[in-house]
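Have a look at the structure below, then the notes.
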Amino acid sequence: MKRVFSKVRSFKQLLAMYATTTKDFYFRIRNRDKVNPTVLKFVYMPYVKKDRRLYSPCKKTYDKYCDMCRQNGITALSSWQFKRQMQLMGFVYQARHRFGGHVTTAYKNIRLKR
């Protein structure tokens with residue numbers, strides 16, 4: 001069995017190797033027809049990235065959703081309903097995920113761009 005990382009001499013080379021991979025990490029949304037249209041609109045905003053390797057804290061994701069609703073004059077769902085809609089689309093809710101120095105809840109397969 002050949003070791004993949006045996007040729008890697010630095011972290012920069014490792015990042016370059018992953019950047020050139022042909023594997024598709026894009027996350028495909030499920031149940032589009034069953035989901036609330038406001039949540040679906042939020043997920044397809046340009047600052048939301050869908051990738052199977054990424055995580056996003058639940059509170060920040062919900063706050064960004066509420067901001068989007070306020071800007072567009074739409075009534076936002078409650079955080080509980082928002083969580084259920086995200087799970088329906090296939091974003092996994094994780095009760096414990098580490099961000100920096102603290103552990104919090106997170107959605108898998110999504111990231112908010114800054």
Side-chain angles (χ1 to χ4, degrees):
M1 180 186 227
K2 187 177 177 183
R3 292 188 67 174
V4 176
F5 299 113
S6 62
K7 296 179 183 179
V8 177
R9 300 279 184 234
S10 70
F11 185 68
K12 228 181 219 183
Q13 287 178 339
L14 182 65
L15 286 177
M17 184 179 78
Y18 278 122
T20 59
T21 184
T22 58
K23 186 167 180 166
D24 180 24
F25 292 109
Y26 183 77
F27 178 75
R28 284 152 190 85
I29 307 264
R30 293 181 284 238
N31 301 320
R32 287 189 189 119
D33 53 335
K34 299 177 185 176
V35 178
N36 186 302
T38 61
V39 179
L40 194 62
K41 182 178 179 180
F42 169 73
V43 169
Y44 283 108
M45 292 300 259
Y47 52 81
V48 177
K49 184 174 181 182
K50 294 163 287 298
D51 190 330
R52 288 183 280 164
R53 301 171 291 179
L54 303 177
Y55 294 87
S56 180
C58 291
K59 179 155 177 46
K60 288 184 181 179
T61 306
Y62 181 68
D63 289 344
K64 196 77 162 175
Y65 165 73
C66 289
D67 289 342
M68 188 265 317
C69 287
R70 266 188 241 113
Q71 289 173 358
N72 294 326
I74 303 169
T75 305
L77 299 175
S78 68
S79 61
W80 182 85
Q81 290 171 327
F82 179 74
K83 174 186 164 189
R84 295 291 178 224
Q85 295 293 312
M86 292 292 281
Q87 288 177 327
L88 185 62
M89 286 189 288
F91 296 105
V92 179
Y93 176 82
Q94 290 198 328
R96 293 176 190 89
H97 186 79
R98 182 171 295 277
F99 287 100
H102 63 284
V103 177
T104 185
T105 56
Y107 292 114
K108 186 177 178 185
N109 306 324
I110 191 169
R111 160 95 18 110
L112 301 175
K113 295 179 187 176
R114 294 177 191 230

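For the single chain, residues carry numbers from 1 onward in sequence order.
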Please say yes or no: joined through hydrophobic side-chain contacts below 4.5 Å, possibly via intermediate residues, are [X] and [Y] part of one cluster?
X: Y93; Y: F42; value: yes
X: I74; Y: Y44; value: no
X: Y47; Y: M89; value: yes
X: V48; Y: L40; value: yes
X: V92; Y: V43; value: no

- Query: Counting heavy atoms not belonging to K113, are there more than 12 under 6.0 Å from its NZ?
  - Reply: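 Check passes, neighbour count above 12.
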
- Message: Counting only heavy atoms from other residues, nucleotides and ligands, does the tally under 6.0 Å from NZ of K50 exceed 12?
- Response: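 Yes, because the 6.0 Å sphere around NZ of K50 holds more than 12 heavy atoms from other groups.
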
Atom [atom1] of [X] and atom [atom2] of [Y]: how far apart are they, to the nearest 0.5 Å?
X: K108; Y: D51; atom1: NZ; atom2: CG; value: 11.0 Å
X: I29; Y: I110; atom1: CD1; atom2: CD1; value: 7.0 Å
X: N109; Y: M86; atom1: CG; atom2: CE; value: 9.5 Å
X: F91; Y: K83; atom1: CZ; atom2: NZ; value: 15.5 Å
X: K59; Y: T104; atom1: NZ; atom2: OG1; value: 9.5 Å
X: L77; Y: Y65; atom1: CG; atom2: OH; value: 3.5 Å

- Query: Between S56 and R111, which heavy-atom pair has the shortest distance, and what is it?
  - Reply: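 Closest heavy-atom pair between S56 and R111: CB-CA, 4.1 Å.
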
- Item | Where T105 and A95 come nearest, the two heavy atoms and their spacing |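 Closest approach of T105 to A95, heavy atoms only: CG2-O, 3.4 Å.
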
- Item | Validation row, ring centre F82 to ring centre Y62 under 6.0 Å |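 Yes, the ring of F82 comes within the 6.0 Å limit of the ring of Y62, centre to centre.
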
- Would you say Q81 and N36 make side-chain contact, with heavy atoms under 4.5 Å?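 Side chain of Q81 against side chain of N36, heavy atoms only: no contact under 4.5 Å found.
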
- Task: Measure from the side-chain N and O atoms of Q85 to the backbone N and O of V39, and report whether any donor-acceptor pair falls under 3.5 Å.
- Result: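 No, because the side chain of Q85 does not come within donor-acceptor range (under 3.5 Å) of the backbone of V39.
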
- Indicate yes or no: does R70 engage D67 in a salt bridge with an N to O separation below 4.0 Å.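 So R70 pairs with D67 through a salt bridge.
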
- Query: Does a side chain donor of either R84 or Q87 reach within less than 3.5 Å of an acceptor in the other side chain?
  - Reply: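 A pair is found: one side chain offers a donor N or O, the other an acceptor, under 3.5 Å apart.
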
